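Indexing begins at 1, ligand by ligand and atom by atom, following the structure's order. A quick note: this is a predicted structure, and the numbers were derived from the prediction, not measured.
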Amino acid sequence: MAKFVPVEPFDIVIFGGTGDLSRRKLLPALYHRWLDGQIPPSSVIIGTARSPMDHAAYRELARTACEAASGQSWDAAAWTDFEKILHYATIDATDPGADWPALRSLLTPDDKRPRVFYLATSPHIYVDICRAIGRAGLASDQARVVLEKPIGTDLASARAINDGVGEVFSERQVFRIDHYLGKETVQNLMVLRFANMLFEPLWSHNYIDHVQITVAENLGLEGRADYYDRSGALRDMVQNHLLQLLCLTAMEPPNDMRDDDIRTEKIKVLNALGFISPDQVKQTVRGQYTAGLHDGKPVKGYLEELSSATGSQTETFVAIKAEVKNWRWAGVPFYLRTGKRMSGRHSDIVIQFKPAPHNIFGQGVESVNRLVIRLQPDEAVRLFVQIKEPGPGGLRVKSLPLNLSYAESFMLRYPDAYERLLMDIVRGNLSLFMRREEVEAAWRWVDGLIEAWEVSRYGPETYPAGTDGPLSAAMLMDRDGRSWWKES
Ligand code: BG6
């Protein structure tokens, strides 16, 4: 049975408080922590945005959002208590004449209380908001600022944001969020690796053939065409979520679970990533979906989904053969793959071990083991082992999983990643948030790849919606005598 330890009373101000992230994730996450008794009633939640709105209207917006996100766990009685701590302030954070005194009057006048400023806005105004918080005298010692991804669009813009935010907040007050690190199964990756002696002796180039990391989505743009067309799959998913998964898979054991210990190990992995030069561009595949199917129904292609620009070269799919150039991983390819409008929604990390050195069971017997970590949905850890298929008629070998399914083992509601991360922010625990160098190291690698793409003649290859990406993604593996793992 999970035990929830209440956090101390806190104030949180959400910039972009009426936006998509607030409605889909942040407000429901706070509501669920309230339901579990983790948020003390003297806490204060303030949504802010530019549009004028009173507290009642904001509570109504929040109620609709939380009810929609809650399903079975919606509790109308608990809501009437929760909404008492919800407030709204109209602020254009980029306007020097904005009404900061009105916001201040809603905050608890206690500089010792954790005060969280959550920037759920476009990154190009992060610095303006931080400066305005500083000018309003609200950046107390106990204040924290939360930066949503993407932090910039390249190394230079990420540095400019980090510098600007750093004028107001010290590094220990900056929580750069990657919601993948709040997912239960992603945290389990660390437990699996560092609380089980079984894997460590095998966890290197000595026994691992290659690693596959796939984050496949079957949805399309979901009304975010403007943002997405400027970003693409590389910036939207690889720079952050996929590289974080790679770091947790490849990093050395940290000395402790403390924030800087984990972050230091992750940064070492990012710094060991081999740069992809223009002549290695064939190690990567870019794709863009065309019209196809979603759940058996026809859907538009990417270009038709964009309201304006035609001929966009933005990639909605990426596959990359990456290398971690260090002692542990020399020669082990890390294949990364992510895309929109693929055949299904699933995120997996597949560790494929080397085959047995000598096959005594005859031709056609695949003597490899795979550890498949299903991050979502149907969260599970499966270790595929070879076994003898029972019965007469020759010795037949079959690969079957030792199956640890989360749903069967724990009868729990799965908390959303933001629930854990928000409580960590209030507690001041930085371990699941990125340090400045980490974000910048990831951008440095991604910038190299974008440059390689720019000088190459290859644009994105098309793939029909509802498939597993362009043909070249399969070829990328095929050339190495490997294939993408697919659940049979
Ligand atoms: C976000 C991306 O960071 O992650 C989205 O901007 C993507 O494009 C989403 O859909 C995926 O998150 P999850 O938790 O649904 O896997």
Looking only at protein heavy atoms, identify the closest one to atom 9 (C) of ligand 1 and say how far it is in Å.
Glu217 OE2, 4.1 Å
Write out the residue and atom name of the closest protein heavy atom to atom 15 (O) of ligand 1, then the distance separating them to 0.1 Å.
Arg345 NH2, 3.7 Å
Should the heavy atoms of other residues, nucleotides or ligands under 6.0 Å from CZ of Arg427 be counted, would the total exceed 12?
yes
Any chance the side chains of Arg144 and Gln173 put a donor and an acceptor closer than 3.5 Å?
no
Around Glu167, counting heavy atoms of other residues, nucleotides and ligands shown, do more than 12 lie under 6.0 Å from its CD?
yes
Closest protein heavy atom to atom 8 (O) of ligand 1, given as residue, atom name and distance to 0.1 Å
Arg224 NH2, 2.4 Å
Does the N or O separation between Asp236 and ligand 1 drop below 3.5 Å for any pair?
yes
State the atoms of ligand 1, each with its element, that fall below the 4.0 Å cut-off from a heavy-atom position in Lys149.
1 (C), 2 (C), 3 (O), 6 (O)
Gln212 versus Asp348, side-chain donor and acceptor atoms under 3.5 Å
no
Would you mind checking which non-hydrogen protein atom is closest to atom 16 (O) of ligand 1, with the distance to 0.1 Å?
Tyr180 OH, 2.4 Å
For ligand 1, which atoms have a heavy atom of Lys340 less than 4.0 angstrom away?
5 (C), 7 (C), 8 (O), 10 (O)
Are there more than 12 heavy atoms of other residues, nucleotides or ligands under 6.0 Å from atom CD of Glu67?
yes
What pairs with Arg337 under side-chain hydrogen bond (donor to acceptor under 3.5 Å, both in side chains), at least two apart in sequence or on another chain?
Thr214
Taking atom 13 (P) of ligand 1 as the point of reference, which of His179, Met237, Lys25 owns the nearest heavy atom?
His179
Are a donor atom and an acceptor atom from the side chains of Tyr118 and Glu148 found within less than 3.5 Å of each other?
yes
Tell me, please: is Glu222 in heavy-atom contact with ligand 1, that is, under 4.0 Å?
no
Closer than 4.0 Å to some heavy atom of His241 - which atoms of ligand 1 meet that?
1 (C), 3 (O), 4 (O)
Side chain to side chain contact (heavy atoms under 4.5 Å, CB included) partners of Asp75, counting only residues at least two apart
Tyr31, Leu35, Ala77, Ala78
Would you say ligand 1 has an N or O under 3.5 Å from any N or O of Lys183?
yes
Enumerated ligand 1 atoms positioned under 4.0 Å from heavy atoms of Gln376:
13 (P), 16 (O)
